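Okay, so here's the structure we're looking at.
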Amino acid sequence: MERMYRVLGFWTGIFAVLFLVGDMLEASILFFAQTAVFIALSYLKLSERAYVYIFGAYLTVFFVGFTYYSTFIMQPGFGH
């Protein structure tokens, strides 16, 4: 299970670099932070149940944050 957290860290790192290249600094910082957390968690040698609970908590926080952002903060617009 810890290898999957390293995979998550790898992919969030890839997205962070792509956001950085695309001049989206805030998103790249957020994804670099997620990369650091995933890589750090992968080396803790927790039980599989703990990893699943942590991932469930991560998904809950993400979905609540994304729903809040898309409902109250994001301003829809096409072709500025």
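Worth knowing before you read on, the calculation uses all heavy atoms, side chains too, and leaves out hydrogens, waters and symmetry mates. Computed from a predicted model, the values in this text were never measured in an experiment.
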For residues 7-25, dump all side-chain donor-acceptor pairs below 3.5 Å to protein atoms at least two apart in sequence or in another chain.
from: T12; atom 1: OG1; to: L8; atom 2: O; distance (Å): 2.9
from: T12; atom 1: OG1; to: G9; atom 2: O; distance (Å): 3.1
from: T12; atom 1: OG1; to: T35; atom 2: OG1; distance (Å): 2.8

- Query: Are M1 and V52 side-chain neighbours, meaning at least one heavy-atom pair lies under 4.5 Å?
  - Reply: yes
- Linking Ile, Leu, Val, Met, Phe, Trp and Tyr through side-chain heavy atoms less than 4.5 Å apart, which residues share a cluster with I39? Y43
Hydrophobic clusters here meaning ILVMFWY residues chained together by side-chain heavy-atom distances under 4.5 Å, can you tell me if [X] and [Y] are in one?
X: F62; Y: M74; result: no
X: V61; Y: F38; result: no
X: I73; Y: L30; result: no

- With sequence neighbours left out, which residue pairs that include part of residues 48-70 fulfil the side chain to side chain donor-acceptor pair (under 3.5 Å) condition?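 Counting only pairs at least two positions apart or across chains, the side chain to side chain donor-acceptor pair (under 3.5 Å) contacts touching residues 48-70 are Q34-Y58.
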- Message: So, using side-chain hydrogen bond (donor to acceptor under 3.5 Å, both in side chains) as the criterion, who are the partners of S42 when residues are at least two apart?
- Response: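 Result, side-chain hydrogen bond (donor to acceptor under 3.5 Å, both in side chains) vs S42: R6.
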- Rounded to the nearest 0.5 Å, how far apart are OH of Y5 and CG of L46? 8.5 Å
- Between the CG atom in L41 and the CD atom in E2, the distance rounded to the nearest 0.5 Å is 11.5 Å
- Which residues share a side chain to side chain contact (heavy atoms under 4.5 Å, CB included) with A33, sequence neighbours left out: none
